[in-house]
Participant: 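Structure below; questions to follow.
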Amino acid sequence: QMAVISAPPEIRDSTGVYVLEEHGFIKARDSRNGFNCIVERRARHLSPMCYDAVGSTSTLQATLMRGDLLMKGTDPVEIEKRIDEAYRDGHLHSPQKTGIVYMLSTEEDWHDQSSGGVTIHIVPHIIVYAPYLKNSDIAVAKEQVWKTNRVWIQYEGRPDAYLIFPVGGTWAQP
């Protein structure tokens, strides 16, 4: 349920769904429209996401790998090193064309350890794939990240980097 609410209501019933079980993610429902929903796991962060067909064959694969490694007890820093290596050696690949990820859930918090453990409530947003792009490429300074008056890059400089477009509200720190 948490994964599916990340998608617009009109496509929810036709999306594929992945759920995390003891040994990693399993497909609980096949997609009938090219979209696949999942609750991504990263260190101290749960992200309900719904990938389009482009992302389902690219960045979703990194999310599935991340979940498998997490369930094996792999340290989060080591997980990201392995994800980076999988991109370098060709086991994972960045999106080959523009596409989107819906993140329309209102149930997401980001625990930002790089900012002294600040918790940021995440409002609904849409992601556009932007492999290797950096915030400096689009004139976004560090202090403008997480601000509603800017589109900004998450995971800048990485093959799975993306632009974030907030919709329907403002970023708010509790």
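On a predicted model such as this, the values are computed, not experimentally measured, just so you know.
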Participant: How would you list, by chain and number, every residue that makes a side chain to side chain contact (heavy atoms under 4.5 Å, CB included) with S14, sequence neighbours excluded?
Facilitator: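 S14 satisfies side chain to side chain contact (heavy atoms under 4.5 Å, CB included) with R32, N33 only.
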Participant: Who passes side-chain hydrogen bond (donor to acceptor under 3.5 Å, both in side chains) against E22, sequence neighbours left out?
Facilitator: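 Scan of E22 (side-chain hydrogen bond (donor to acceptor under 3.5 Å, both in side chains), adjacent residues dropped) gives none.
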Participant: Side-chain contact, heavy-atom cut-off 4.5 Å: E78 with P76?
Facilitator: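 Heavy-atom side-chain distance check fails, nothing below 4.5 Å.
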Participant: Would you mind checking if R88 and E85 are paired as a salt bridge, meaning a charged N to carboxylate O distance below 4.0 Å?
Facilitator: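 Salt bridge: yes.
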Participant: Applying ring-ring contact (aromatic ring centres under 6.0 Å, His included), can you list everything that pairs with F35, at least two apart in sequence or on another chain?
Facilitator: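 F35: ring-ring contact (aromatic ring centres under 6.0 Å, His included) contacts with Y102.
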Participant: Taking the side chain as every heavy atom from C-beta outward, state whether V101 and Y129 have any pair of such atoms under 4.5 Å apart.
Facilitator: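 In short, these two side chains touch, coming nearer than 4.5 Å.
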Participant: Per the salt bridge (Lys or Arg N to Asp or Glu O under 4.0 Å) rule, what does the pair list look like for residues 126-137, sequence neighbours excluded?
Facilitator: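 Non-adjacent pairs meeting salt bridge (Lys or Arg N to Asp or Glu O under 4.0 Å): zero.
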Participant: Which residues, ordered by chain and number, are linked to Y132 in its hydrophobic cluster, where ILVMFWY side chains connect at heavy-atom gaps below 4.5 Å, directly or through other members?
Facilitator: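 Y132 shares its hydrophobic cluster with no other residue.
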Participant: Which residues satisfy the side chain to side chain contact (heavy atoms under 4.5 Å, CB included) test with V140, sequence neighbours excluded?
Facilitator: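 In terms of side chain to side chain contact (heavy atoms under 4.5 Å, CB included), with neighbours along the sequence ignored, V140 is linked to N135, I138, Q144, V145, R150, W152.
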Participant: Under a 3.5 Å distance rule, please check whether R41 uses its side chain to pair with a backbone N or O of G67 as donor and acceptor.
Facilitator: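 Checked: no pair found.
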Participant: Please name all residues satisfying salt bridge (charged side-chain N to carboxylate O under 4.0 Å, His left out) with E80, sequence neighbours left out, ordered by chain then number.
Facilitator: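 Result, salt bridge (charged side-chain N to carboxylate O under 4.0 Å, His left out) vs E80: R42, R66, R158.
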Participant: If you measure from CG on N36 to OG1 on T63, what distance do you get to the nearest 0.5 Å?
Facilitator: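 Reported value, rounded in 0.5 Å steps: 11.0 Å.
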Participant: Is there a side-chain contact between M49 and M103 (heavy atoms, below 4.5 Å)?
Facilitator: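 They are in contact (side-chain heavy atoms under 4.5 Å apart), so the answer is yes.
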Participant: Sequence neighbours left out, what passes salt bridge (charged side-chain N to carboxylate O under 4.0 Å, His left out) with K81? Give chain and number order.
Facilitator: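 Result, salt bridge (charged side-chain N to carboxylate O under 4.0 Å, His left out) vs K81: none returned.
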Participant: Among residues at least two apart in sequence or on other chains, which ones pass salt bridge (charged side-chain N to carboxylate O under 4.0 Å, His left out) with E10?
Facilitator: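 Salt bridge (charged side-chain N to carboxylate O under 4.0 Å, His left out) check on E10 returns nothing, list empty.
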Participant: For S6, give me all partners under side-chain hydrogen bond (donor to acceptor under 3.5 Å, both in side chains), at least two apart in sequence or on another chain.
Facilitator: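 Listed in chain order: nothing, the list is empty.
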Participant: According to salt bridge (charged side-chain N to carboxylate O under 4.0 Å, His left out), who are the partners of D89, at least two apart in sequence or on a separate chain?
Facilitator: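 None.
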Participant: Can you tell me which residue pairs pass the ring pair (Phe, Tyr, Trp, His ring centres under 6.0 Å) test with a partner in residues 59-94, sequence neighbours excluded?
Facilitator: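 Ring pair (Phe, Tyr, Trp, His ring centres under 6.0 Å) check on residues 59-94 returns no pairs.
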